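Encoded as structure tokens, the structure appears first; notes follow it.
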There are 2 protein chains.
Amino acid sequence: MTAKKEIELAGDNRLPLYQRLAETLTSDIVDRVWRPGDRLPSEAELAKRYNVAPGTARQAVSLLVEDGLLDRRQGTGTFVRKPTFDTSLFRFFRFQSSDGERLIPESRILRREVIKAPSAVSRALAIEPDSLVISISRLRLMDGVPVMGEEIWLDESRFHSLMDMEDAEIGPLLYPIYDTHFDQVVARAKESLTVDTADDMHARLLDLNKGDPLIVIDRLAVGFDNKPIEWRRSRGRADRFQYHIEIN
Amino acid sequence: MTAKKEIELAGDNRLPLYQRLAETLTSDIVDRVWRPGDRLPSEAELAKRYNVAPGTARQAVSLLVEDGLLDRRQGTGTFVRKPTFDTSLFRFFRFQSSDGERLIPESRILRREVIKAPSAVSRALAIEPDSLVISISRLRLMDGVPVMGEEIWLDESRFHSLMDMEDAEIGPLLYPIYDTHFDQVVARAKESLTVDTADDMHARLLDLNKGDPLIVIDRLAVGFDNKPIEWRRSRGRADRFQYHIEIN
DNA sequence: GAGTGGTCTAGACCACATC
DNA sequence: ATGTGGTCTAGACCACTCG
């Protein structure tokens, strides 16, 4: 017997090999053994390392590519995908900047405080009722015109020091902050769209009349392990809203 | 040399085999060689017939399963999927019938006529400007309550005899009619969602006040070959609207 | 040129559904 | 019991990217 170089696969050993390998790779990504942007070992290398056939390693990688975790580039390698969220919120709003460019709206933080989690929030974030959460209110503007109001909730115990940061330090994008300062990578999100009408406060905020239609977007952002990271509710002017779907 | 039983594959011969086989299978489905509900030959059989390795046939089938054209059932076979449109329009509206059951709303045809295609319609249906189209107005009701108004446009030359049918004969679902009477199978659809406010007519129709928010859903229904079959614009009460998305 | 993923072959055995 | 898809092996050669 020669010494074994193979590594044990995670998961129930009644599961198919390629699924167990996929699980193993996933937890390596969650645990940041491989970080977004990193190149994975080649498929052949993975196969050797985990003692499976190349085709099986390939199948495992394919699973994660489908899930959007990995990114294959022919001739170059397979990479851990950086969660870009190109596909996000602002996909819904066609801001004047017509030429299809992805513009990041200006961001103005209105309020930031630690409160006891409202029940809807603790449920969404899967934390104990009445735990402390950080609550942030932001106004989003395009070319100085207010287009959306956001309320954001975070588990205070994981994002404690966010309260100490300056508004300027935070900037217009929160997810990179979660990543760099709190080691929380948003991998996926679930959104729910509804229509509501503007109350006094949002009418004033978004330069509308009371009763004008608003698009309400609830979003739960989760990590690679599907654990909740952030919950937010955004309200935008419905007249700027457009959304496309393909049905199969 | 023995006689060849193999069948020629469609498509550019510089393309991968599995893609050409997928194309071949797709056109057989479009041409109704295999109809929705039919079982395809087994993967091994396909491989023999088209003279490719089993794995390659499998890859081709996988493509079409991903596209939603085929449906694999372990131990049973691979079937041509019936376009059910579970995933459709009424997914957006949560009708009272809370228990998640898929209810088909009642349907009342308000108007049916042949007109010259408005330019937006001829463009959507990819037909000549000013061609004749059938225009249908319908009201959709749940438990007697109006929830949505629909305007539907069809190429008159392909749906001519629809004008001779009785309202009752048409019933609440149009796509089965397109299938059975006109050999037009709706395979996919693209929808676009926007928010508008109710004009007098829709306020009356949907029991709203003028200016109340409406969800406007534009839908282009296409066949397996991606050619337009029907275009419709639906307007529904925004307060019944809810939509969920996963972002990766 | 070396290394990567992309395609393809030609089998094997297993799990499952149906008769 | 038979036939189906599901998994897996162990290769081959090609197309692409990069240094």
Side-chain angles (χ1 to χ4, degrees), chain A residues 4-26 29 34 37-81, chain B residues 4-26 29 34 37-81:
Chain A
K4 285 189 187 180
K5 276 196 296 187
E6 303 103 39
I7 303 173
E8 277 303 302
L9 285 177
D12 191 323
N13 74 1
R14 289 165 308 185
L15 287 174
L17 274 178
Y18 77 101
Q19 282 177 24
R20 296 175 58 203
L21 178 49
E23 257 185 70
T24 305
L25 297 177
T26 301
I29 292 169
W34 293 307
D38 285 1
R39 199 183 72 185
L40 248 60
S42 76
E43 295 176 355
E45 171 62 24
L46 284 175
K48 243 178 282 177
R49 192 180 297 189
Y50 291 102
N51 198 31
V52 299
T56 303
R58 186 172 179 74
Q59 235 178 322
V61 170
S62 296
L63 253 194
L64 301 189
V65 169
E66 271 171 52
D67 289 356
L69 228 65
L70 297 180
D71 188 15
R72 273 208 260 246
R73 293 178 218 156
Q74 171 161 179
T76 310
T78 300
F79 296 79
V80 180
R81 240 187 63 178
Chain B
K4 286 190 187 180
K5 278 195 297 186
E6 304 103 39
I7 304 175
E8 278 302 304
L9 285 178
D12 191 322
N13 73 2
R14 290 165 307 187
L15 288 175
L17 273 179
Y18 78 102
Q19 281 178 23
R20 295 175 59 203
L21 178 50
E23 258 186 70
T24 305
L25 298 178
T26 301
I29 292 169
W34 293 308
D38 286 1
R39 198 183 73 186
L40 248 62
S42 76
E43 294 175 355
E45 171 62 26
L46 284 174
K48 243 179 281 177
R49 194 180 295 189
Y50 292 102
N51 197 30
V52 300
T56 303
R58 185 170 178 76
Q59 235 178 322
V61 170
S62 296
L63 253 194
L64 301 188
V65 169
E66 272 172 51
D67 288 356
L69 228 64
L70 296 180
D71 189 15
R72 272 196 182 115
R73 292 177 218 158
Q74 170 161 177
T76 310
T78 301
F79 296 79
V80 179
R81 239 188 63 179

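Fair warning: this is a prediction, and the values are worked out from it, not measured in the lab. Chain letters run A, B, ... following the sequence lines, proteins first, then strands; residues in each count from 1.
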Enumerate all atom pairs, one protein N or O and one N or O from nucleotides 11-15 of chain D, separated by less than 3.5 Å.
{"from": "D:dA15", "atom 1": "N3", "to": "A:Q74", "atom 2": "OE1", "distance (Å)": "3.1"}

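- At whole-Å resolution of the value, CG in A:L21 and C1' in D:dT9 are 15 Å apart.
- The interatomic distance linking B:F79 (CZ) with C:dT18 (C1') rounds to 11 Å, in whole Å.
- Closest approach to the A:P16 side chain among D:dT7, D:dT17, C:dT4 is made by D:dT7 (side chain taken as heavy atoms from C-beta onward).
- Across C:dT18, C:dG6, C:dT9, the shortest atom-to-atom separation from the side chain of A:R72 is found for C:dG6.
- A distance of 10.5 Å separates CG in B:L63 from CD in B:E23, rounded to the nearest 0.5 Å.
- Regarding A:Q59, its CD atom lies at a distance of 16 Å from the P atom of C:dG5, rounded to whole Å.
- Taking CG of A:L25 as the start and CG of A:L40 as the end, the distance is 6.0 Å to the nearest 0.5 Å.
- C:dC8 atom C1' lies 12 Å from atom CG of B:N51, rounded to whole Å.
- Proximity note for A:Q19 (side chain, C-beta onward) versus D:dT7, C:dT4, C:dT9: the nearest is D:dT7.
- Counting to the nearest Å, the P atom of C:dG3 and the NZ atom of A:K48 are 11 Å from each other.
- Neither OP1 nor OP2 of D:dG5 sits under 4.0 Å from any side-chain N or O of B:R73.
- Separating the OG atom in A:S42 from the CZ atom in A:R49 is a distance of 9.0 Å, to the nearest 0.5 Å.
- The phosphate of D:dT9 has OP1 or OP2 within less than 4.0 Å of a side-chain N or O from A:T56.
- Between B:E43 atom CD and C:dT9 atom P there is a gap of 14 Å when expressed in whole angstrom units.
- Qualifying salt bridge (charged side-chain N to carboxylate O under 4.0 Å, His left out) partners for B:R39, counting only residues two or more places apart in sequence or in other chains: none.
- Note: A:T78 OG1 to A:L46 CG = 8.0 Å, rounded to the nearest 0.5 Å.
- Protein atom CG of A:L15 is 10 Å distant from nucleotide atom P of D:dT7, rounded to whole Å.
- Side chain of A:A53, nearest nucleotide from C:dT9, C:dT18, D:dA10: D:dA10.
- Counting non-hydrogen atoms under 4.0 angstrom, A:R58 reaches a base of the nucleic acid.
- Put simply, OH on A:Y18 is 14 Å from C1' on C:dC14, counting in whole angstrom units.
- Between atom OG1 of residue A:T24 and atom CD1 of residue A:I29 there is a gap of 11.0 Å, rounded to the nearest 0.5 Å.
- Not counting sequence neighbours, the partners of A:R72 by the side chain to side chain donor-acceptor pair (under 3.5 Å) test are A:E43, A:S62.
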